[in-house]
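Single-structure report; data block below.
Heavy atoms only: backbone and side chains are in, while hydrogens, waters and symmetry mates are out. In what follows, chains are A, B, ... by sequence order, proteins preceding strands, each numbered from 1.
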Number of protein chains: 2
Amino acid sequence: MNIALMLSYDGTDFSGWQVQRNGRTVQGEIERALSEAFSLSVRVTGSGRTDAGVHAAGQICNFPFEDTIRIAPEKIADALNVFLPPNVRALKSAAVPEPFDACRSAKKKTYRYAVYFSRREHPLLERYAARFAYGADFSEMRRCARILEGEHDFSAFSAAGSSAKTTVRTVYSATVEEEERFGVPCARIDVCGNGFLYNMVRIMAGAILGFGAGRLSEEEVRAALQTGNRELLGKTMPANGLTLLSVDYGFPLFKEGDQTSK
Amino acid sequence: MNIALMLSYDGTDFSGWQVQRNGRTVQGEIERALSEAFSLSVRVTGSGRTDAGVHAAGQICNFPFEDTIRIAPEKIADALNVFLPPNVRALKSAAVPEPFDACRSAKKKTYRYAVYFSRREHPLLERYAARFAYGADFSEMRRCARILEGEHDFSAFSAAGSSAKTTVRTVYSATVEEEERFGVPCARIDVCGNGFLYNMVRIMAGAILGFGAGRLSEEEVRAALQTGNRELLGKTMPANGLTLLSVDYGFPLFKEGDQTSK
């Protein structure tokens, strides 16, 4: 049986998704919980790696499950939560078709980059949003986001050392929403695409903010897309502002259940 | 010189505001930072205690400051932040009139109780909001909030062992706002009053939620206000959902400065 899980995690205390020699990882915690709950020693496939400090509200993974273990697939989430630490939770579980692979079957991913605008740190915002110490114009930020939408060679928006075969990606949408939290102005930059290069969303967020602050021009953004020159863009924004919101496979993996019970 | 500070803190890892023999407290951190930054050994007066696990976005405190220390009052916040841990931050500082006392001068306080509605825990919501596993009707929650507004004897809304002289308080407003975070329905219950009994906001939040879930009736809420019978109401909601938003002294303590620099 092929089981898919929807996971949420607070990335603050994790060395990212992928199992590694040193450091606590989300994949490592899921594999440990599967071993403790079901004596199952399997490799879990994630929709993609998330870096150290990056959060997820709807990460998807899958793994082979023994047909001999008698548990309803949708109850696997609850069983794993018993063995998971509070900063990772399985939100949903389901049996999926055999060929489903959380990484290779992914059609679209949506990330959120959250920012708050302040000269001083705010302890209640800092954990899930990055601080930007300059003012930024929202209509300018939206204008930059629109330039980035579409199919482009995003090599300028990728960290050095990326080993992707092609650097062409399609950004289906990049939106900038304004909100206020505890009296502090905040922005949510949501980016949906068919795939992302290493650090791509964090570099996009930096460019959108730099554009809004008047430190990056339309010419520079267009030149970065055309030439692939990473130097034209601003800094890579920090991991704490980034959250993987959802992964779309072109069909629903889970039955829609109520979030609450009566 | 009398100095007022505006503070924000993440209460998760604190044993509350007030200095105590065991455990790390916010007051203790501020007093330690004053000692390290200015060799000043003073007692800091908060607008009120916050319990273990309760957060603040705009806690106010004041303390006597040596006139011989040459620093602009509005820079004291920055100096303290150098010595404070990341989960507490001084957001603003100012010189205030001599008779100002952060506790006794307070006219109104506003608290927020944040809740998310879900059968399962969400790691990205759990830190600053309490989970409510049942559905709740927002118009019913608002109806309960309106019943609680006004001057009442709130003794039913107070934890046992409270030593307040009078249990009559005025709730100027109690509002319930709906929002969605990461696809999960959430509520923000904001309560503004001239003062609050021990655990009052957490018991009010529990009553509003219980009312919205159909587990508490209008008759029971009115009877609780009239009889002072704590048993009529539901459970005290947990500390992690509660945040002290602001304290109003009837005059502005701080010059309005921009949150960001150009």
Next item on the list: Select one option (side chain, backbone, both, neither) describing which atoms of A/Arg131 are under 4.5 Å from chain B's heavy atoms.
Entry: neither
Checklist line | side-chain contact (heavy atoms from CB on, under 4.5 Å) assessment of B/Phe138 paired with B/Glu177 | finding: CA-CA 8 Å; B/Phe138 274 81; B/Glu177 294 293 328; over 6 Å; no
Notebook entry, point to check: For the side chain of A/Arg142 and the backbone of A/Val176, is there at least one donor-acceptor N/O pair under 3.5 Å apart?
Noted result: yes
Note to self: I'd like to know if the side chain of A/Thr25 and the backbone of A/Ser15 have a donor-acceptor N/O pair within less than 3.5 Å.
What the structure shows: no
Check: Tell me, side chain or backbone of A/Asp78 under 4.5 Å from chain B's heavy atoms, or both, or neither?
Finding: both
Margin query: If I measure from the heavy atoms of chain B, does A/Thr243 come under 4.5 Å with its side chain, its backbone, both, or neither?
Written below: side chain
Next item on the list: Pick one of side chain, backbone, both or neither for A/Asn87, based on which atoms fall under 4.5 Å of a heavy atom in chain B.
Entry: backbone
Next item on the list: Go through the atoms of A/Leu91 and report whether side chain, backbone, both or neither lie under 4.5 Å from a heavy atom of chain B.
Entry: both
Next item on the list: Could you tell me which portion of A/Tyr128 (side chain, backbone, both or neither) has an atom closer than 4.5 angstrom to a non-hydrogen atom of chain B?
Entry: side chain
Check: Based on non-hydrogen pairs under 4.5 Å, which of B/Glu126, B/Arg181, B/His55 is most in contact with chain A?
Finding: B/Arg181
Check: Sub-3.5 Å donor-acceptor pair from the side chain of B/Gln27 to the main-chain atoms of B/Val19, do we have one?
Finding: yes
Note to self: Below 4.5 Å, heavy-atom pairs only: which of A/Gly11, A/Ser246, A/Ala57 has the largest tally toward chain B?
What the structure shows: A/Ala57
Notebook entry, point to check: Any salt bridge between A/Arg202 and A/Asp51, counting N to O under 4.0 Å?
Noted result: yes
Check: Quick one: does NZ or CZ of A/Lys108 land under 6.0 Å from the six-membered ring centre of A/Tyr172, within 45 degrees of the ring axis?
Finding: yes
